[in-house]
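Here is how names work: the chains are called A, B, and so on, in the same order as the sequence lines, proteins then strands, and each is numbered from 1.
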There are 2 protein chains.
Amino acid sequence: MPTEPGRREPAKRSRPNVKDVAARAGVSRATAARALGGYGYSSQEVMERVTEAARELGYEPNRVARTMRSGKSDIIGFVCADISDAFFSSAMRGICDVALDEGSKVIVMNTDDQLSQEQDAARVLLSHEVDGLIITPVSVREHAHIDAVTGAGVPVVSLDRQLSDAGIDSVVADNEAGTANAIHHLIGRGHHRIAYLGSVQPEEPPALRIGKSRASVAGPSRPSLDRVRGYLRALSAAGLPVERELIALVPHDEPGRRTDAVAAMLALGDPPSALFTADSYMTKSAFTLLSERGIAIPGEMSLLGFDDLEWTTLVRPRISVVVQSAYDMGRAAAAQLFAKIAAPESGAGSASVRGQRTVIPTRFLERESVGLVAEPVRGR
Amino acid sequence: MPTEPGRREPAKRSRPNVKDVAARAGVSRATAARALGGYGYSSQEVMERVTEAARELGYEPNRVARTMRSGKSDIIGFVCADISDAFFSSAMRGICDVALDEGSKVIVMNTDDQLSQEQDAARVLLSHEVDGLIITPVSVREHAHIDAVTGAGVPVVSLDRQLSDAGIDSVVADNEAGTANAIHHLIGRGHHRIAYLGSVQPEEPPALRIGKSRASVAGPSRPSLDRVRGYLRALSAAGLPVERELIALVPHDEPGRRTDAVAAMLALGDPPSALFTADSYMTKSAFTLLSERGIAIPGEMSLLGFDDLEWTTLVRPRISVVVQSAYDMGRAAAAQLFAKIAAPESGAGSASVRGQRTVIPTRFLERESVGLVAEPVRGR
DNA sequence: GTGAAAGCGCTAACAA
DNA sequence: TTGTTAGCGCTTTCAC
């Protein structure tokens, strides 16, 4: 379109800048910049001339130079374990959607759950002057590198991991309540022996304490641990005993042991009547093993999982699950982040909300994988 | 760690810069920059002093300023329809992995298959001075905005869509060959009436020409059309007739019509013995409908799909599919992009490879959803 | 081998 | 209302 036959276009020259626009409009650089940027004053006439010149030249402001001056890059960072994971890519979409509305863009970096990669990512993103950071931290204890980011005045929101004790805003699902609710459902259907199968971070093995009247799990708030807590809470609330043998916590980096854990549960002298699988990997392992062994769901074994995946409605029976919306979590985290970015450095004066915790509700989707237990139905 | 009790740290001040490092090391800015950047000359001793000072201060070069000077941002853009889609998020991971090796980062932007969004994305990324762009273009005809990017000297690689005719490098799967191979497999198992169920872009409806001896589909190279071509080619090669009623092309933006298309195929007077579903959505629709109607796979109907998804191995029977590795495609696209970025402006002299086309092979995964047809087995 | 200085494109004081 | 000017942090001639 920029067909300007008379003028010789330098062709190989880069994109036009304010100076070019100013020259064409016959005004100074500052005036052109003001007219274009929409700040300061400029007369109607000059405004039009400049706008026209910019249009003709196909002028587009250089964000890099703008960042240099203003310190605002209109870029945020998203640091997660693996963007190809369905949870993170959905969250990413939520983040992108909010960012688009805010005129911002998102740089993604993967950590593969390695602290060193996370530290590198934080450093790199800081050097690019990102306006903010959304992160799913590998560790909830080791967060010096995250503190360095906030220390540099860059807002951070933690996604799916609780870091609010460290004064960092977090957006998490109501893992404990969602799980408790699901277990409650199982109990309501007559199940007394309910197995819990979940993953845990290898570096932070949970300390499970099972007392006569109370059971608890020590350690920080993390989805994997909070779900165990929800399980314990629901059993306690119903006056059911907590049995150690019904709880399997498999290190996240040893996927091969998931199937073993399910098999061990089935091999128990007094096996459970229902399996609660606390994450999608475990749900898949459990479903696969039950299928292979020809164990009828829910006839011989009930199954209830955390996290919804496409396949849970394609297999027969359809699997009942607790769903968390990764998309909504991403949106919420981004919304919170941009609020902090916009906030005029909430440090001075008002006791600013540091370490705010936003909880996204989960939903229970009842399908067909949970059966009714009538009486103590030992030995079929 | 930076425990420097004696010196008063301005605290609220931003990150240290070359000037600070230079001051601490007792040299000039230029010298410090040289020592840190590893270019130009500097004595052993100065080098050490500067490095030490940088370490103490926790100095990290400001990429924004560096970009401004050098024009290299160490950021590339990835423009796709929807990052939460499994194909794109896997491709994204491949891109990120290569980018990491190259010291680069990736900004993702979603288009939802809207040309206007794609145009905006291209403009925005250009204004951020990205070093290159990987894009899955909405349209293979309308690419003025992409030409604008290459015109600005920024390399572009097209992913999953052929744009090499426009002089833009492309990385695509061997859709035609992969499909032909799958259809060939069906024919080898005795199938003569094979249905093709696929999606097409609503704006670019394909012109299907079915002649006596030859059938073809007009239009550009696109995964959706190339798969149809593979289907036609395999039938022709086997001397089988192409029948219009066995080909269903559903507009991509009308998901509701997918199930209708499958149902229509089943309702045919002389129904097919096998269904080839050319994308994951269609495979899902077909599998769901067959399950609901209690039609046995592969007993009463064989099913073979394009694209592998988790669920295809969890359902019974497991679905045979043609797989394309989105991850590999992403890696290949990124590798090609960085090669072009590194190339010293391949315009001058040598006839540079413009519009290079890289084809990533697909694989056929035989599972249990395809049955053997003995004889003309009409009416069971 | 090192330092002084210019400038990438933009914005924000200040002056006119 | 508009123009002049001074940088943001870095790299890169060019003298010394």
Open item on the list: Strictly below 4.0 Å: does B/Y59 bring a side-chain N or O up to OP1 or OP2 of D/dC10?
Closed with: yes
- [ ] Going by the side-chain contact (heavy atoms from CB on, under 4.5 Å) test, name the single residue among B/V108, B/L337, B/V106, B/L100 that passes it with B/I95.
- [x] B/V106
TODO: Round to the nearest Å and state the distance from A/K19 atom NZ to C/dC10 atom C1'.
DONE: 13 Å
Open item on the list: Rounding to an integer number of Å, can you tell me how far B/R29 CZ sits from D/dT13 C1'?
Closed with: 15 Å
Open item on the list: Base of C/dG7, side chain of B/R69 - is there a donor-acceptor contact under 3.5 Å?
Closed with: yes
- [ ] Considering just the side-chain nitrogens and oxygens of B/N62, establish if one lies under 4.0 Å of OP1 or OP2 belonging to D/dG9.
- [x] no
- [ ] Would you mind telling me which of D/dG3, C/dG9, D/dC10 lies closest to the side-chain atoms of B/R66?
- [x] D/dC10
- [ ] Please state how far atom CG in A/D74 lies from atom P in C/dT11, giving the value in whole angstrom units.
- [x] 11 Å
TODO: Let me know the distance between CZ of B/R15 and P of D/dC8, rounded to the nearest Å.
DONE: 15 Å
TODO: Provide, to the nearest angstrom, the distance between the CG atom belonging to A/L126 and the P atom belonging to D/dG9.
DONE: 14 Å
Task: Side-chain N or O of B/S28 closer than 4.0 Å to phosphate OP1/OP2 of C/dA4 - done: no
Open item on the list: Can you give me the closest heavy-atom contact between A/N110 and A/I83, atom names plus distance?
Closed with: OD1-N, 2.7 Å
TODO: Rounded off to whole Å, could you give me the CG-to-P distance for the B/N17 and D/dG7 pair?
DONE: 14 Å
- [ ] In plain terms, say whether B/R15 and A/E129 are close enough for a salt bridge, that is, a side-chain N and a carboxylate O under 4.0 Å apart.
- [x] yes
Open item on the list: Between A/R93 and B/D112, does any side-chain N to carboxylate O distance fall below 4.0 Å?
Closed with: yes
TODO: May I ask you to evaluate whether A/T31 reaches the phosphate of D/dG3, defined as a side-chain N or O under 4.0 Å from OP1 or OP2?
DONE: yes
Task: Proximal nucleotide (of D/dG3, C/dC8, C/dG3) relative to the B/M68 side chain - done: C/dC8
TODO: Would you mind classifying the nucleic acid contact of B/V46 as base, sugar-phosphate or nothing, using non-hydrogen atoms under 4.0 angstrom?
DONE: sugar-phosphate
- [ ] Report the distance from atom CD of A/E60 to atom P of C/dG9, rounded to the nearest whole Å.
- [x] 15 Å
Task: Salt bridge flag under 4.0 Å for residues A/R24 and A/E56 - done: yes
Task: Listed nucleotide nearest any side-chain atom of B/V27, set D/dT11, C/dG3, C/dT2 - done: C/dG3
Task: Spacing between A/Q44 atom CD and D/dT2 atom P, to the nearest angstrom - done: 11 Å
Open item on the list: Taking any heavy-atom pair under 4.0 Å as a contact, classify A/S42: base, sugar-phosphate, or nothing.
Closed with: sugar-phosphate
TODO: Could you tell me whether the side chain of A/R34 has a donor or acceptor atom within less than 3.5 Å of a complementary atom in the base of D/dG3?
DONE: yes
Open item on the list: Does D/dT2 have its OP1 or OP2 closer than 4.0 Å to a side-chain nitrogen or oxygen of A/S43?
Closed with: yes
